Colleague: 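I have a structure here, written as structure tokens, and I will follow up with some questions on it.
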Amino acid sequence: MIATMSEPTLHAEEFTVDELAQRANMTVRNVRAYASRGLIDPPRLEGRTGYYTLAHLQRLQLIRQLLDRGFTLAAVEDAILRSPTTAPGHALELMTLLETGDDADDPSVLMPRADLAALAGVPQDDELIDALVDLDLIEKVDDTMLRILDPAVVRPGAAAVALGLSPETVIGAVPLLREHLGVAARYLVHRTSEEIVQPFLDEGLPEQDWPRVFGAVEELLPIASQVMLAIFRSELRASIETEIGDKLQQMGD
DNA sequence: CTTCTTACA
DNA sequence: TGTAAGCA
């Protein structure tokens, strides 16, 4: 009915760059910059002007959230390019897990023994070092240098010690977490194998579909991680309420 | 007049 | 990331 000449967009859910940028609270310049880095899909082109959809908007909003959380553009880029088909929320959680996103392949890093002790806020202790070595979390390089094999575990662990937990408690948590999370991990992998991989093997294995199956399995990693994290968090909160809440209440009495 | 690209700062 | 020039 109404055909205003200034509004060629009759598809209700499509925007021009300008509208897109506005809704995402970004400048057009940055929208284009992200687009040029492949962070958003190319728009539907009509002549020379592009028309963007809600999917584009959501992607930009995700980028903004991650940027606002303090991640570098490079890290955001890495996260998005890694899991293109994963829902935006999952990618966000994935980034939180990966922290930086870059050193996911070989995270090991060299650190003087004194530095590790400083991070934990405790005096240097050979026994603690040995305990970490036994857990395959670090390696002895020489008398003064350590190789941190799993910084994602060691760094927060040191932080926990710095906050007042005993090193023994923190170190003791590692085998405990490995054991219990390992059960859940093996269960999920087993079910994935049975329900996703096996059917493809059974029905004749069209070779060209393998990348897709493999991709699906890969993408389950961040999704499962997110669920694990959410459940663990709620368990932590529940424990805090009962255990610590009770003690505080007793103090009040 | 707007979109897009490229280039520069 | 902003600004500008040239183009469709």
Side-chain angles (χ1 to χ4, degrees), chain A residues 1-111 115 119 148 150-156 158-159 208 211-212 214-216 218-223 225-226 229-230 233:
Chain A
M1 301 225 70
I2 38 122
T4 52
M5 309 207 315
S6 59
E7 199 121 5
T9 334
L10 295 180
H11 301 274
E13 51 274 291
E14 285 191 322
F15 329 109
T16 64
V17 252
D18 212 273
E19 294 168 327
L20 184 71
Q22 275 192 307
R23 301 204 189 208
N25 282 308
M26 289 177 182
T27 62
V28 173
R29 171 68 175 84
N30 283 331
V31 172
R32 295 199 195 287
Y34 301 149
S36 73
R37 290 173 189 243
L39 299 187
I40 64 177
D41 292 330
R44 178 178 69 85
L45 280 177
E46 193 169 297
R48 195 193 187 187
T49 77
Y51 291 95
Y52 301 81
T53 68
L54 212 63
H56 294 106
L57 213 209
Q58 288 169 338
R59 172 76 106 220
L60 287 176
Q61 286 170 337
L62 169 67
I63 293 172
R64 263 213 59 202
Q65 288 181 70
L66 292 173
L67 254 22
D68 289 346
R69 280 198 181 192
F71 293 109
T72 66
L73 184 59
V76 173
E77 199 172 330
D78 194 60
I80 288 179
L81 297 184
R82 255 174 222 260
S83 49
T85 67
T86 306
H90 295 151
L92 200 157
E93 291 301 329
L94 172 62
M95 279 310 300
T96 305
L97 280 175
L98 294 182
E99 293 291 329
T100 73
D102 273 339
D103 46 40
D105 289 336
D106 179 23
S108 91
V109 64
L110 291 175
M111 182 183 291
D115 284 16
L119 276 181
I148 311 299
D150 200 340
V153 171
V154 174
R155 280 205 203 99
Q208 58 197 32
R212 199 177 66 71
F214 198 73
E218 281 288 298
E219 299 223 0
L220 281 172
L221 184 73
I223 293 173
S225 300
Q226 181 191 0
L229 191 59
R233 271 183 182 146

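For clarity, every value in this text was computed on a predicted model and none was experimentally measured. Naming: A, B, ... by sequence-line order, numbering from 1 per chain.
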Colleague: Using a 4.0 Å heavy-atom cut-off, write out nucleotides 3-8 of chain C from 5' to 3' as B (base contacted by protein), S (sugar-phosphate only) or - (no contact).
Modeller: B--BBB
Colleague: Considering only heavy atoms of chain A and a distance under 4.0 Å, specify the first and last nucleotide of DNA chain B in 5' to 3' order that meet this criterion.
Modeller: B:dT3 to B:dT5
Colleague: Please enumerate all residues that pass side chain to side chain contact (heavy atoms under 4.5 Å, CB included) together with A:Ala35, with sequence neighbours excluded.
Modeller: A:Ile40
Colleague: Output all residues satisfying side chain to side chain contact (heavy atoms under 4.5 Å, CB included) with A:Leu73, sequence neighbours left out; order by chain, then residue number.
Modeller: A:Tyr34, A:Arg37, A:Leu39, A:Leu67
Colleague: List for me each residue that meets side chain to side chain contact (heavy atoms under 4.5 Å, CB included) alongside A:Asp41, sequence neighbours excluded, and say none if there are none.
Modeller: A:His56
Colleague: What pairs with A:Asp68 under side-chain hydrogen bond (donor to acceptor under 3.5 Å, both in side chains), at least two apart in sequence or on another chain?
Modeller: A:Arg64
Colleague: For A:Gln61, which residues count as a side chain to side chain contact (heavy atoms under 4.5 Å, CB included) partner, sequence neighbours excluded?
Modeller: A:Leu57, A:Gln58
Colleague: Quick one: label A:Gly50 by what it contacts on the DNA or RNA (base, sugar-phosphate, nothing), any heavy atom closer than 4.0 Å.
Modeller: sugar-phosphate
Colleague: Name the stems that DNA chain B belongs to, where each is three or more consecutive Watson-Crick or G-U pairs with both distances under 3.5 Å?
Modeller: B:4-9 with C:1-6
Colleague: Show the nearest heavy-atom pair for residues A:Leu60 and A:Met26, with the distance to one decimal.
Modeller: O-CE, 3.2 Å
Colleague: Taking it one step at a time, do A:Met111 and A:Val154 satisfy side-chain contact (heavy atoms from CB on, under 4.5 Å)?
Modeller: CA-CA 11 Å; A:Met111 182 183 291; A:Val154 174; over 6 Å; no
Colleague: NA contact type, A:Ser36, heavy-atom cut-off 4.0 Å: base, sugar-phosphate, or nothing?
Modeller: nothing
Colleague: Can you list everything that forms a side-chain hydrogen bond (donor to acceptor under 3.5 Å, both in side chains) with A:Arg29? Sequence neighbours excluded, please.
Modeller: none
Colleague: At what distance, to the nearest 0.5 angstrom, does OH of A:Tyr51 lie from OG1 of A:Thr16?
Modeller: 7.5 Å
Colleague: Nearest 0.5 Å, please: how far is OG1 in A:Thr49 from CZ in A:Arg44?
Modeller: 8.0 Å
